[in-house]
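Here is the structure we will look at, set down as structure tokens.
The chains referred to below are lettered A, B, ... by the order of the sequence lines, with proteins before strands, and numbering in each begins at 1. Note that the coordinates shown come from a computational prediction; the quantities given were computed from them, not determined experimentally.
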Amino acid sequence: MKIKHILIFIILSLLLISCDEGFDPYAEFLDRYTFTCILKSDTTFQLATLSKNYRPNGFDLYAFTEDPSIRGADIRVWYNDSVYVFRDSSVARTDSSRYTTPYHFYYNNKFQVGSRKSIELEVLLPTGKRLRAFSQTPGEIYFDNQSDVLVPPVGSNIVTFFWTPLTEGTFYVPEFSIRYRYNDNGNIIERTARIPKLLINRDDNLTPVFPNPSNAANIVYNQEAIDYAMEQISAGDNNKQNYSVYQSLIFDLIAFDLPASRYVSSTGGSVDDLTVTTNVSDYSNIDGGLGLFGSYNKKNYNRIKIFKDYVESFGYNYIPEN
Amino acid sequence: MHKFYSLLLPVFIILIILFPAKQIYSQEYGKLRGFVVDSTSGEALVFCNVFIEELNTGASTNERGLFLINSIPANQEYEIVVSYVGYKSQNITVYINPDEITEIKIELLPLSIELQTVEKVGRKIIRENSTDLSLERISVKELEILPKGIETDIMRSLQYIPGVSATGDVTARYYVRGGGGDQNLILLNGVELYNPFHSLGLFSVIDPEMINSLEFYKGGFTSEFNGRLSSVMDVISKDGNKNMYGFKGGLSFLTAKGLVEGPIPNGSFMITGRMSYNNEILKKFFNEQTIPIDFYDLSFKLNYSSADIFESAKFSVFGFFSNDDVDYNDPLREQFKWQNSLFSFEWLQVYDVPLFSRLGISFSTFDGEVIPNLSTLKPRTNEINDFTLSFDMEYVYDNRDELGFGLKLKTLETNFFQVNPLGAQTSLENLSGNLSIYGKYKFLRFKNFGLDIGARFNITGLNNNGGGIIEPRASLTYRIIPAVAIKAAWGIYLQEVVTISDEDEIISVFEPWIIVPGYLDPPKAIHYNVGLDVDLFTGFSLSAEAYYKKLENLAIVNDQKFLASDRDLIPGSGESYGGEFLINYGVNPINITTSYTVSWAFKEVDNWIFYPKYDTRHTINIILEFNFGSGWIASSVWNYISGYPFTELIGYYDKYFLNDIHGEDLLGGNFIPQTVLGDRNLGRLPSYHRLDLSLTKRIRLFLLDVELGASIINIYDRENIFYFDRNTGEVVNMLPFMFTATLKLEI
């Protein structure tokens with residue numbers, strides 16, 4: 001009898017506890033502001049964006065179309081003993097953004113950054129809140145003499161570029177491309193074709209892999225990937241003679257400052273496909289907000305040339321340069 | 001503080017020398033030493049009761065099946081009662097000679113399977129002054145009766161023990177009294193097992209079929225154990241049938257397994273193997289995703305004992321291998337591989353005086369590898385090579401006090417390499433040695449009082465700062481009245497190897513082990529435990545324990561490591577406290593176990609205090625077993641856990657991602673929604689609860705013992721939340737309603 005009572009008690013307790021409880025993943029909404037700006041060394045046009053956080057109805061984030069950008073903020077950057085004030089502007093969107101309003105940004109077209117200079121930011125939001133950040137621009141980039149100078153390389157099937165490492169932790173983004181022009185019924189169109197660093201085989205299809213930002217002080221391009229880029233110039237067009245390739249190739253290298261390097265590294269993606277984590281490690285150097293205030297230095301390596309025979313083997317014309 | 005402990009060691013040694021040495025009896029006494037085995041297999045019976053009725057005293061066998069009763073008035077015959085649930089009790093008459101050890105070997109006959117009741121091992125240890133606070137002796141036969149999420153798993157079953165928690169029912173990873181997942185020491189025949197999980201942490205690699213005894217210390221463990229802060233699982237495998245050849249086979253929805261055992265000249269052998277053959281059932285664990293997991297584990301053990309070589313000696317060779325592979329056969333998806341290899345040699349010696357010794361030589365290796373989805377990235381790898389030489393001795397005095405001491409020499413090599421898709425690299429390679437000694441003295445001379453006091457001394461440490469550290473430990477029991485005992489334990493514990501995994505990963509694939517880097521001090525824990533055991537009447541027992549654990553110098557994964565030059569680990573601290581209550585009523589045919597745990601756990605990193613993901617406030621387990629007779633046994637388990645912590649969402653922001661910084665687009669990238677999180681783990685998921693049922697039928701068909709088991713998991717299909725996917729808004733639940741079945745055959 002006692003056991004019966006115990007069992008009834010247990011079942012009743014179970015039923016009581018089993019009642020549905022609601023689940024709300026949201027905490028109280030608090031305003032957070034995001035400022036993003038990477039100052040450049042290769043242009044005087046400096047661009048910044050400012051927005052606030054938002055909470056959509058439901059979890060279809062792409063159904064949220066209310067532009068969170070903030071207008072009317074006072075943005076100042078101190079560089080080389082001068083202060084540069086950023087101005088409000090907007091342009092029509094050309095991308096597939098979910099926002100319908102014009103793309104809003106801040107800009108200043110009066111300065112470009114040099115090497116190893118202090119930069120400082122202060123943003124005064126319309127609410128009166130201030131965001132601050134500072135950094136130091138990266139050092140000058142020097143390419144190493146070991147870097148290849150010819151495509152295709154002699155006695156090798158890889159093209160390698162080396163440079164002197166900057167401050168430890170610096171991230172670099174290389175870009176290697178072919179300059180060519182295309183005769184479109186008498187109209188000469190100048191173009192560039194990006195070269196992938198390698199090709200991978202997936203389901204018997206070759207997929208190009210382009211370099212990601214990396215802290216390595218060199219980059220290796222497979223000749224097979226260069227061949228692929230050369231073929232892609234005129235893919236689907238049998239009139240190869242309409243294409244002319246310049247003798248000089250372009251190898252550009254961007255080096256980020258440390259905050260931008262950390263930020264770029266933080267966007268590197270998940271550790272693997274199967275790990276499930278409940279935390280998101282985020283980086284920001286904006287005091288009082290989210291985002292990034294950083295800079296980059298860009299340099300071109302102008303010694304890399306392409307062989308005439310190699311260009312002509314694709315049916316293209318060759319444009320010599322001094 | 002360090003100086004205080006340094007002073008403690010010489011005092012302790014003097015205490016040992018002065019106290020027990022004198023024989024305090026004038027009457028003639030003898031000793032009884034024995035070995036209790038299963039009469040059919042010759043397998044040692046652990047924690048078996050041996051009782052001398054005339055003297056109202058006795059002992060229980062240890063994890064090797066050995067027992068020793070000291071100070072028996074000599075020149076008399078005694079009737080010894082040897083009992084073990086599931087076996088027919090035996091009465092043996094023994095004559096005790098003065099100043100001699102009388103040796104006996106007792107073979108107990110197992111009851112026919114239809115008559116067996118639910119076996120309870122270790123619930124009633126005869127020694128009233130046993131210093132066993134926070135020690136759980138777990139019977140695999142008992143676990144096999146419980147409902148199975150696919151098949152019996154010792155690590156999943158641990159989660160029913162008060163003080164042991166998990167982060168959900170999908171994973172077998174466990175956390176003890178607020179300690180981290182890497183703070184649990186797992187010993188397999190005395191060898192450290194580094195990665196004890198198959199299938200991304202879903203199941204244990206230790207096949208229950210190979211286990212002879214399993215002791216689990218959830219805190220306050222004494223000085224023979226070292227290397228972890230929170231718990232010890234000490235698994236001793238079976239020796240194999242010494243009398244006849246036998247075979248066992250088993251089948252579940254996931255694996256097929258077998259065991260072969262039998263006698264060899266002067267010994268026995270055992271070989272076990274298990275492999276996955278179908279992972280369809282795993283979809284229930286992975287939110288209906290198909291993950292191509294393949295695994296196997298193999299073990300063998302050889303035992304040899306011959307008086308021609310060494311009298312009263314036993315030699316064992318043990319090997320264990322486990323392997324897991326997740327391969328999608330797709331160059332754009334990672335491949336995961338990990339494997340453990342253990343090999344050991346053990347020499348157990350019983351001497352003429354009441355002295356036992358154990359010499360162990362072992363190798364334990366772990367290799368884990370995540371081969372990335374793009375061929376230019378290097379694989380993430382972790383390699384561990386552990387060589388350990390250990391020697392332990394135990395001396396039993398006439399007054400029943402015991403002296404134990406030993407040393408352990410370990411050389412450990414850990415290599416860990418990983419690089420993220422953007423090249424941020426971690427490379428940690430370390431080869432180090434650890435020499436430690438321990439001594440302990442057990443005051444067992446008083447029938448109602450037991451004290452185990454000892455210390456470990458790390459002569460050299462694996463970590464640069466780990467040498468010269470003393471870890472004092474003490475555990476006591478005082479039986480106020482025969483039915484009530486109060487117990488306490490205290491100790492300092494050191495850990496010099498840790499996993500470099502993020503605790504916020506609720507499914508963690510890759511948990512590399514490393515020696516704590518020299519820029520950090522080795523993690524340290526201080527345990528304070530008190531408890532009460534009450535045995536009111538036959539079949540009814542109650543125990544309550546309270547604990548406080550302080551954790552210092554924790555090696556926390558630096559989630560702000562974005563550059564190779566950033567440190568991988570940063571220091572943290574933690575504390576946990578709570579109370580655990582367990583009531584058991586077991587009189588055939590019914591057995592009810594109810595437990596309640598209330599606990600708090602905190603961690604502190606960078607002056608920020610938060611709840612770790614396994615912090616749960618209230619846990620209730622109700623386990624009901626019913627033996628219908630004729631081989632039918634039913635059981636049910638109801639498990640309730642108040643909500644697991646989670647980090648709430650404040651909202652989203654548009655985060656800039658670099659896309660084409662060289663391109664003509666001035667922005668050079670695009671904006672993608674990213675979560676803005678609230679304070680870490682401040683929210684709570686709804687409470688978790690689940691009811692499971694199982695029914696087992698054992699039958700004998702000619703020479704074959706057959707066990708059929710069926711289980712229903714989450715019978716009322718409770719949608720327990722596992723995690724919330726912030727990117728999709730999807731709530732991912734834990735195990736749904738699920739039917740599983742098992743078949744076991746034994747010849």
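Among the candidates L682(B), V732(B), D566(B), the residue making the largest number of heavy-atom pairs closer than 4.5 Å to chain A is D566(B).
Residue Q46(A) does not touch chain B at all, counting heavy-atom pairs closer than 4.5 Å. In this structure, the portion of P68(A) lying under 4.5 Å from any heavy atom of chain B is its side chain and not its backbone. Contact annotation for L290(A): only side-chain heavy atoms (C-beta onward) come within less than 4.5 Å of a heavy atom of chain B. Interface remark: I250(A) contributes no atoms to any contact with chain B (heavy atom separation under 4.5 Å). Proximity to chain B is limited to the side chain of Y263(A), based on heavy atoms less than 4.5 angstrom apart. Only the side chain of T36(A) comes within less than 4.5 Å of a heavy atom in chain B; its backbone stays farther off. With a threshold of 4.5 angstrom between heavy atoms, F256(A) approaches chain B through side-chain atoms but not through N, CA, C or O. Both the backbone and the side chain of I254(A) come within contact range of chain B, judged by heavy atoms closer than 4.5 Å. In this structure, the portion of R32(A) lying under 4.5 Å from any heavy atom of chain B is its side chain and not its backbone. No part of F105(A) comes within reach of chain B, as not one of its non-hydrogen atoms sits under 4.5 angstrom from that chain. Neither the backbone nor the side chain of D42(A) comes within less than 4.5 Å of any heavy atom in chain B. When heavy atoms are compared at a cutoff of 4.5 Å, Y99(A) approaches chain B solely by way of its side chain, counted from C-beta outward. Looking at P56(A), the atoms closer than 4.5 Å to chain B (heavy atoms on both sides) all sit in the side chain, from C-beta outward.
Checked against the 6.0 Å centroid threshold, F646(B) and F23(A) count as a close aromatic pair. Not less than 6.0 angstrom separates the ring centroid of Y54(A) from the ring centroid of Y653(B). Side-chain rings of Y107(A) and F86(A) stay apart, their centers remaining 6.0 Å or farther from each other.
We find the CD1-CZ distance between I672(B) and F657(B) to be 5.0 Å, quoted to the nearest 0.5 Å.
Ionic pairing of D615(B) and K603(B) is not present here: no N-O contact between side-chain nitrogen and carboxylate oxygen is shorter than 4.0 angstrom.
A cation-pi geometry, defined here as NZ or CZ lying under 6.0 Å from the six-membered ring centre and within 45° of its normal, holds between R684(B) and Y611(B). R718(B) forms no cation-pi arrangement with Y688(B), by the criterion of a distance under 6.0 Å to the ring centre and an angle within 45° of the ring axis.
For the 3.5 Å distance criterion, the side chains of D257(A) and S295(A) qualify, holding a donor opposite an acceptor. Side-chain N/O atoms of D67(A) and T101(A) include a donor and acceptor closer than 3.5 Å.
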